[in-house]
Structures are given as C-alpha cells and as structure tokens.
Amino acid sequence: MSRFSLLFLSLLLLAGCPEGGSDCPDGDADGDGVCDDVDACEDEDDNNDYDGDGVPNACDPCPADAADDTDGDGVCDIDDVCADGDDTVDTDVDGIPDACDDCPTDEENDSDGDGVCDDADQCNGFPDDIDADGDGKPDFCDPCPDDAADDTDGDGVCDSDDACEGFDDDVDFDVDGIPDGCDDCPAGIDTDLDGVCDDVDVCDGFDDNSDIDMDGVADGCDACPLDDLDDSDGDGVCDSADTCPGFDDLADSDMDGAANDCDVCPNDPLDDSDGDGACDSVDLCEGFDDGTDTDGDGQPDDCDACPADALDDSDGDGVCDSADVCPGFDDTADFDGDGAPNGCDTCPADPLDDSDSDGSCDSVDLCPGFDDTLDGDGDGIPNDCDACPVDAANDSDGDGVCNSVDVCPGGDDTYDFDGDGDPDDCDLCPADATNDSDGDLVCDSDDVCPGGDDTVDVDGDGVPNDCDICPTDPLGDSDGDGVCDTSDLCPGGDDGVDTDGDNTPDFCDTCPVDPLNDADNDGACAGDDICPGFDDTLDGDGDGAPDGCDDCPLDTFDDSDGDGVCDSIDICAGSNDNLDTDGDSTPDGCDTCPLDATGDTDLDGVCDSEDVCDGFDDTLDMDLDGTPDDCDVCPQYAFETTDLDGNCNGGCFLADDFESGNAIGWTLGTEWEIGPAAVSACSTSFGMSQDPAFDADGVTGGGVAGVDIGGCAATSPQHPYYYLTSPVFNGTAVPGTPLSFQFERWLNSDYTPYINNVVEVFDGATWVLLWQSGPSPATTASSWSTQIYDISAYANPLMQVRIGFNIASSGVVSSSSWNVDNLYVCEPWNIPGGSVIPL
C-alpha cells in the first residue's frame with residue numbers, strides 16, 4: 001500500500017461512514033462501522049490498530065510496529081536484526097544478516113576479537129593488528145616480529161639478530177663465532193685481526209687495510225706510508241720528507257743538511273756565510289767582501305795586512321814593507337825586547353847585549369858580571385864562577401864535593417842512608433848500618449833467613465834451608481795447611497778440614513758433608529740429592545722432580561688439582577676426580593648434575609633431582625609463576641584458579657592481598673612497607689584522615705601495603721618519586737585478552753606543587769602514567785575505594801605496575817599517605833569479587 005493510499009484511508013476513517021446499510025450501498029460486512037467500499041481491512045474492525053499506523057491489525061504485516069518493515073526485507077522493524085539491510089540474506093548462516101555481519105562469509109566471524117574475520121585472519125587466535133615491524137604479518141605469527149624483512153637469507157635467524165646477513169649464520173667452519181659468509185678467514189685465523197687471513201696476509205702483524213697513501217702497500221709494511229710514490233728518487237728518503245727531490249738527499253759532503261745537488265756550496269757546511277758570492281771553501285776573506293782589493297795584490301782589503309801595499313810584508317814579519325825596521329828579517333822577533341829586531345841585533349837574546357864587556361853576549365856569558373876569559377885550571381869555567389877553580393876535574397861526579405876531597409868518586413858523597421859514614425854509592429849495604437851481620441854475603445835488609453846462611457837452599461825454592469819448613473820440597477807447604485806438598489792429600493786445600501770424616505779433606509771432597517759422597521752416582525751429593533737412590537738428571541716432564549721421585553713423571557704440572565690423578569689422565573682438570581657423588585663416572589667438578597646419575601634427561605638445563613617439570617623444559621614459564629608451562633594447569637596465569645576436577649578456570653597475572661607480607665617480591669621504595677593495617681596520628685588539614693585500622697576486607701590489622709603504615713609520610717627533604725613496584729609479569733601470556741589493573745585505595749595527601757601521587761604501568765619500553773593526584777584540592781579518604789584502570793593497550797612480556805609519590809616543594813602538610821590492598825592485574829572477568837571495567 002502506498003503512502004498516498006494510507007493517507008486517504010486515514011482521512012476516511014477520521015471522517016467516519018454513515019451508520020446502517022442504507023448509508024453503505026455495498027454494506028458493512030465486518031460491522032466495523034466502515035462501509036465495505038472504503039473498508040481498509042475486510043473482515044476486521046478497522047479501528048483495531050495496535051501500532052497506530054492507520055493499518056488495522058488484521059491487515060497490518062507488522063501490527064506492533066508503526067514503521068512496519070522500513071528496509072523491505074519482510075521482517076518487521078521491531079524484529080529486524082539488521083536495520084536497513086535484508087535480514088533474509090545470511091550467507092554464512094551465523095544468525096547475523098550479511099548487511100550487518102562484519103564477516104558475512106565466515107560463520108566464526110572474528111573469533112579472536114582482533115577485528116579481522118577468521119577467513120581472512122592471518123594469525124588466528126591472536127590480534128592481527130599488532131605488527132611491530134609493519135611487514136603485514138601479525139607479531140604473534142611472525143617468526144621475526146621486529147624485522148619487516150624477517151629472515152631474508154633464510155638461515156633461521158631474524159635479520160635484527162643476524163650475525164651475517166645474506167649468509168647462513170649456522171655455517172662456521174673454524175668455529176670462531178663468525179659465520180663463514182662474513183668470516184674473512186672461514187678456514188683459518190687472522191692473527192693481526194686486520195680482516196685478512198694469515199695465509200694471504202700481505203703485511204703480517206699489521207692491518208692490510210690501513211693504507212694512508214693508497215699506494216697498495218699496507219702502512220705497516222710501507223717504508224713511506226704517507227707517500228704514494230714512496231721514495232721516487234731512490235735516495236732512501238720518502239718524498240714527503242725529501243729535501244732535494246730527484247737527487248740523493250744522503251749525498252751531503254759538507255754535512256750541512258742540504259743535499260749536494262741542491263746545495264749552492266756542496267763542500268761548505270756554511271755555504272757562502274758572508275754573502276759575498278764566494279763559497280766558504282774558496283773564500284779568500286771569510287766574513288768580508290772578497291771583491292775589495294785596493295792595492296791589487298789579490299788579497300781583499302779586509303784580509304790584507306797591508307791593504308795599500310802591493311808587496312805587503314815581503315819578509316813576512318807582519319810589518320808592511322813601508323814601515324819595516326829590519327828589512328829581510330822579522331821585525332817582531334826581538335828576543336831580548338831591546339827594540340832591535342833579532343836580525344839586526346848583535347846580541348839578539350840580550351837586551352843589554354854584553355853588559356860586562358867581556359866580549360860575550362849576556363845570553364852566552366859563562367860568568368855574567370865577570371870576565372869569562374879568566375880560567376886558572378883551564379876547565380872552561382871562569383875562575384869567578386868555578387866551585388873548584390884549581391881543580392880541572394872540578395866535581396866530576398856532581399855531588400858538590402871537589403874531586404880532590406871526594407870520599408866516593410863517581411858517587412854522591414851527600415847520600416848515606418844508613419849513616420855509617422860510607423856514602424851509599426860506595427856502601428856494600430847502603431840500607432844497613434850493620435851491613436851483613438851473619439856473614440852470608442847478604443845484606444841484613446835483604447837477608448831471607450837472618451842468622452842463617454841464605455846461600456844454602458837444597459830444594460831451590462828460594463827459602464834457605466835454615467828457614468825452610470820443607471827444606472827438601474821446592475813447593476814447601478803451598479796451601480799453608482801445615483803439610484808439605486810432597487805428602488799433601490789435598491793440594492790447595494787444608495788437609496786438616498774433613499767434615500764428613502771420610503779421610504778426604506773437604507777441599508778435595510766432591511761431597512764434603514756426605515761420607516758416602518754420591519751413592520746413586522747421579523752427580524748430586526746426599527745433601528743436595530733431590531731423589532736419593534735414583535738419577536736426579538732424569539726428568540722426563542722437565543718439572544724439576546726427578547722421574548724416580550715424581551708421581552707423574554710425564555706431567556709437568558703433575559697433579560695440578562691435587563686429586564691424586566696425574567694431569568695427563570685427569571678426567572676433570574681442576575677438580576677432584578675421586579668425588580663422584582652420583583656414581584656416573586663423571587667427577588662432580590665436571591658433572592653438570594653432580595647429584596644425578598641420570599643428569600638432565602629432558603635436556604632443559606635443570607638436573608633431574610631439581611627438575612620441577614620432569615620430562616619437559618623447566619625454562620618455559622609463560623606466566624613467570626615458577627611452575628614450568630608443561631606442568632602448569634594454567635600456564636598463562638601466575639595466579640590461577642581450578643575447578644573440582646583440577647581444570648583451569650582462568651586466573652590473574654598479578655594478585656596480592658598482602659596477607660603474607662612481601663611473598664611475591666614487590667620492590668619497596670623509601671617509606672613503603674607491607675604489614676598490618678594500623679591507625680596513624682597525622683594532620684587532618686584539608687579534611688584528610690588517618691591510616692585505617694583495618695584492611696579493605698574489614699579485617700582489623702589485616703595486611704596492606706602503604707607508606708609508613710600507622711605513621712605519617714615524611715614532609716622533608718624534597719625527593720623524587722618513591723615507588724611500590726610490582727615484580728615482572730607476562731601481560732601477553734593470554735594473547736588478545738583485555739587487562740584490568742584494580743586495587744583498593746585509602747589515600748590522604750597534600751597536593752601539587754607540594755606532593756604528587758601517581759599510578760603507572762610499564763609498556764615494555766617506558767613507564768606510562770595512568771593517574772596522578774595533581775593540584776588542589778588535597779586527596780582525602782576515610783574509606784576504602786576501588787580503583788580500576790584498563791591497561792590492555794600496554795600488554796607486554798615484561799609488564800609491571802607501580803604506585804608512587806614525591807615531594808617537590810617545601811611546606812608539605814603531614815599526611816597518612818598511601819594504603820593499598822587487594823591489588824589485581826587480570827582479565828576483567830577473573831578479578832576475584834572485583835569490579836569489571838567496561839571494555
């Protein structure tokens with residue numbers, strides 16, 4: 001029926017129809033007061049219109065719905081599942097019409113709630129929209145969730161962890177930790193760590209890659225590491241330091257630092273020091289100008305003794321000819337200093353010449369001041385200067401005694417050492433006043449055997465018999481031991497010293513303190529013998545212990561760990577081989593599981609005796625509750641619940657009512673503590689109250705976490721945030737689940753800028769603020785209140801929550817501060833008796 005027909009029918013009904021058949025030519029068959037010719041609903045009272053849409057109920061397809069079926073799908077709007085869509089089209093037969101079905105072809109729709117239909121879901125059971133690396137693969141089904149390229153070289157190692165991109169990390173032929181594909185020496189070693197294997201190393205011991213001058217020769221082996229041409233002129237000097245390029249820098253005749261080929265004066269270290277154009281080696285007048293020569297004699301004026309005299313000083317006396325006093329002779333030679341040069345002086349050595357006028361110049365005058373011609377004895381000495389003027393021989397022996405009265409002619413009469421009146425030169429024993437008192441023709445001072453005849457020496461040892469202990473032994477007692485050499489047992493040593501009493505004096509005894517000497521013939525005396533009875537020289541392992549006394553003759557370190565087993569056969573070096581507690585033949589020190597003969601049968605790194613989950617990997621603990629996943633009824637939940645059959649009913653990731661103290665391992669910052677609830681006596685400013693005497697369950701003295709429980713938080717000094725921090729829990733143990741963080745709070749605190757209170761969650765990288773108290777008014781409470789936070793968006797394997805407060809300014813009002821109880825992090829429906837946050 002059209003909207004126009006309905007409107008017309010409504011107007012008729014409003015106007016009514018004349019009563020009685022006479023008013024209805026066609027009658028009123030259904031007796032509803034509406035003539036049949038205008039009756040909207042034959043056989044039904046047109047006045048029965050439940051939904052008031054103008055269509056009587058009997059003729060209304062939707063009698064209870066005024067809008068009827070607005071989308072025309074044959075389903076009344078009141079029953080319509082999908083408004084504006086055809087309810088009859090349900091391709092996947094899941095009860096949701098296609099037009100309103102997010103997954104019209106998938107009856108399971110989006111079973112994991114990640115917004116992706118199951119038939120298009122890439123990671124069923126996990127959220128598809130979590131894709132950290134943006135590679136289109138959801139993290140939970142991505143073998144490499146942090147790498148968009150995943151494992152590009154297909155070696156089973158994600159690119160972010162790949163040690164050798166493009167190659168197989170597992171292929172490491174030389175087991176050096178560097179995969180062969182990135183190992184410069186996959187089959188060997190690179191001793192100098194320059195990235196070039198030793199077998200092809202060009203510059204062993206140095207970095208082949210370090211080549212500053214890029215000449216192809218590594219710096220460590222490059223004579224000139226800064227010069228690509230090195231020493232281009234081959235003079236042994238690198239080009240960068242070459243002072244004479246193209247020539248030999250080392251050819252420097254004058255050693256002035258300038259190579260000959262680049263030296264103006266190669267033979268002069270000072271070159272042309274006076275700058276007159278003449279090298280020093282040929283410079284006529286060093287330090288002056290050779291070009292100035294006034295008299296033209298070839299000598300520069302500054303070096304010409306007579307710059308104005310061409311002949312200069314012809315007699316070479318240093319006096320120019322024009323001023324020469326004694327031409328031809330040296331004017332400067334005037335021995336006697338009388339002003340007359342020697343060449344022109346009668347007596348050149350005498351300033352007074354012949355002062356005594358005896359015809360002899362003073363320098364050769366035999367008797368100055370007297371007449372040299374008077375010589376009475378004709379001995380050539382003038383009388384006035386002759387000590388013996390009448391004795392021609394004078395004092396021939398020069399002893400100051402004229403020959404005519406000389407006691408010891410030829411000798412010096414003045415020397416008489418022994419004072420016996422005989423000058424020494426004529427005295428048989430000049431040092432002995434008694435001369436030879438024993439008459440053996442040997443002066444007393446030289447007498448070897450005074451009182452005896454020095455001339456009798458039978459053994460010819462230089463000791464006269466009368467004074468010789470061993471008169472018939474030429475060597476006597478050469479070692480002074482009181483025994484003549486002919487009968488000496490130990491020449492050179494004292495025969496009287498025999499410490500070990502073996503009749504061999506110590507000096508000649510190989511083992512002077514050992515009567516048996518070297519009984520085992522190993523060259524070591526008993527006192528020094530390391531191994532008596534065995535050869536000390538036999539030491540197979542070179543450890544200093546002879547083999548005969550070495551418990552381990554083949555081991556240098558013997559039994560270094562002291563377990564009674566030589567190192568060469570030691571099973572467990574460094575530990576006692578005899579300790580094998582579990583009797584598995586592996587000593588405890590080298591036994592991974594010293595108490596378990598079976599070791600670690602499930603290979604999880606935990607010995608059988610300590611294995612929590614026998615037969616499974618103890619290290620797999622998704623919920624971090626200490627129970628390995630394979631033995632954990634609820635492996636996803638650290639705090640779990642089970643039904644009567646022991647099946648997992650679910651649980652929480654973190655739960656604490658603080659009744660067992662700090663049993664789960666909270667980190668308590670300064671002032672935070674866990675203990676019985678207790679009333680405080682702090683300020684009541686701003687309407688603040690005291691700590692409660694009961695916990696959130698109404699138990700007096702029940703367990704709570706709080707700041708100075710039963711006391712007041714400190715008001716100074718200022719400090720950063722002090723936190724109550726939870727242990728780590730795995731917030732992703734149940735993928736895709738919503739998480740609620742709920743606890744009971746009783747908090748009384750001043751406001752910022754004095755104090756600020758915060759609640760935070762760790763998202764795996766940073767702490768995220770969930771709540772803070774902020775500025776005025778103060779936070780007050782006189783009862784417990786439930787605090788709920790949705791932390792689903794921050795779920796991560798290293799999740800934590802914390803509650804804290806700071807003091808940022810002076811003037812803080814005393815307060816009872818925090819009290820916390822019944823703290824949970826759970827799926828909302830698993831919080832025990834708690835509130836469920838709307839998600």
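On a predicted model such as this, the values are computed, not experimentally measured, just so you know.
Side-chain atoms of D87 never come within 3.5 Å of backbone atoms of P97 as a donor-acceptor pair (strictly under, hydrogens ignored). Not a single donor-acceptor pair under 3.5 Å links the side chain of W666 to the backbone N or O of L724. No side-chain donor-acceptor contact under 3.5 Å links N806 to the backbone of Y721. Side chain of T700 to main chain of A693: no donor-acceptor pair is present (N/O by atom type, distance under 3.5 Å, no hydrogens or angles). Between the side chain of D153 and the backbone N or O of D168, no donor-acceptor pair lies under 3.5 Å. At least one donor-acceptor pair under 3.5 Å links the side chain of T752 to the backbone N or O of G774. Put simply, the side chain of S816 gets close to the backbone of S689: a donor and an acceptor are under 3.5 Å apart. No donor-acceptor pair closer than 3.5 Å links the side chain of D821 to the backbone N or O of D695. A donor-acceptor contact shorter than 3.5 Å is absent between the side chain of N757 and the backbone of S773.
Residue pairs meeting the salt bridge (Lys or Arg N to Asp or Glu O under 4.0 Å) criterion with at least one member in residues 744-755, sequence neighbours excluded, do not occur. The salt bridge (Lys or Arg N to Asp or Glu O under 4.0 Å) analysis of residues 659-678, with sequence neighbours excluded, yields no pairs. Residue pairs meeting the salt bridge (Lys or Arg N to Asp or Glu O under 4.0 Å) criterion with at least one partner in residues 758-780, sequence neighbours excluded, are E760-R802.
D86 and D73 make their closest contact through OD1-CB, 3.2 Å (heavy atoms, listed as atom of the first residue, atom of the second, distance). Here the shortest heavy-atom pairing between V75 and D80 reads O-OD2, 3.6 Å. Between G731 and A795 the shortest heavy-atom distance is O-CB, 3.5 Å. Minimum heavy-atom separation, K137 to D150: NZ-OD2, 2.7 Å. Residues A778 and S749 approach most closely at CB-O, 3.3 Å, considering heavy atoms. Here the closest non-hydrogen pair linking D617 and P628 is O-CB, 3.8 Å.
Between the CG atom in D147 and the CG atom in D162 there is a gap of 9.0 Å [rounded to 0.5 Å]. F805 CZ to I755 CD1: the interatomic distance, rounded to the nearest 0.5 Å, is 7.5 Å. With rounding to the nearest 0.5 Å, the separation of CH2 in W672 from CD1 in I803 is 5.5 Å. Separating the CG atom in N662 from the CG atom in D656 is a distance of 7.5 Å, to the nearest 0.5 Å. Annotation: the span from N730 atom CG to L654 atom CG amounts to 12.5 Å, rounded to 0.5 Å. From D691, atom CG reaches atom SG of C682 across 6.0 Å, with rounding to the nearest 0.5 Å.
Ring geometry for F694 against W746 counts as perpendicular: the plane angle is over 60°, on a 0 to 90° scale with 30° as the lower cut. Classification of the W767-F762 ring pair by plane angle, with boundaries at 30° and 60°, yields tilted.
No side-chain heavy atom of V612 sits less than 4.5 Å from a side-chain heavy atom of V606. Side-chain contact between F743 and V801: absent, with no pair of heavy atoms (C-beta onward) separated by less than 4.5 Å. L747 is not listed as a side-chain neighbour of N819, based on a closest heavy-atom distance of 4.5 Å or more. With a 4.5 Å cut-off on side-chain heavy atoms, C144 and S160 do not count as touching. Contact annotation: the side chain of S740 approaches that of I831 to within less than 4.5 Å [non-hydrogen atoms, C-beta and beyond]. Contact annotation: the side chain of T779 never approaches that of M688 to less than 4.5 Å [non-hydrogen atoms, C-beta and beyond]. The shortest distance between side-chain heavy atoms of L739 and Y794 does not fall below 4.5 Å.
By the side-chain hydrogen bond (donor to acceptor under 3.5 Å, both in side chains) test, T737 pairs with E827, sequence neighbours left out. By the side-chain contact (heavy atoms from CB on, under 4.5 Å) test, I130 pairs with P127, D139, F140, sequence neighbours left out. Shown here are the ring-ring contact (aromatic ring centres under 6.0 Å, His included) partners of F686, two or more places apart in sequence or in another chain: Y751. Take A678 and apply the side-chain contact (heavy atoms from CB on, under 4.5 Å) test, not counting sequence neighbours, and it matches I709. In this view, D77 and T70 satisfy the side-chain hydrogen bond (donor to acceptor under 3.5 Å, both in side chains) rule, not counting sequence neighbours. In this structure S785 satisfies the side-chain hydrogen bond (donor to acceptor under 3.5 Å, both in side chains) test together with Q787, sequence neighbours excluded. Taking L798 as the reference, V728, N796 meet the side-chain contact (heavy atoms from CB on, under 4.5 Å) condition, with sequence neighbours excluded. By the side-chain hydrogen bond (donor to acceptor under 3.5 Å, both in side chains) test, D600 is found to be paired with no residue, residues two or more places apart in sequence or in another chain being considered. Partners of D94 according to the side-chain contact (heavy atoms from CB on, under 4.5 Å) rule, which considers only residues two or more places apart in sequence or in another chain, are D90, D92, I96, D101, E107, N109.
Side-chain contact check for N822 and W784: no donor-acceptor pair (N or O, by modelled atom type) lies under 3.5 Å. Between the side chains of Q800 and S726, no donor N or O sits under 3.5 Å from an acceptor N or O.
When the shell of 6.0 Å around OH of Y754 is examined, it contains 12 or fewer heavy atoms from other residues, nucleotides or ligands.
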Q: Begin from the C-alpha positions of F653 and Y637 and carry the test ring-ring contact (aromatic ring centres under 6.0 Å, His included) through to its verdict.
A: CA-CA 5 Å; F653 304 106; Y637 302 98; 5.5 Å; yes
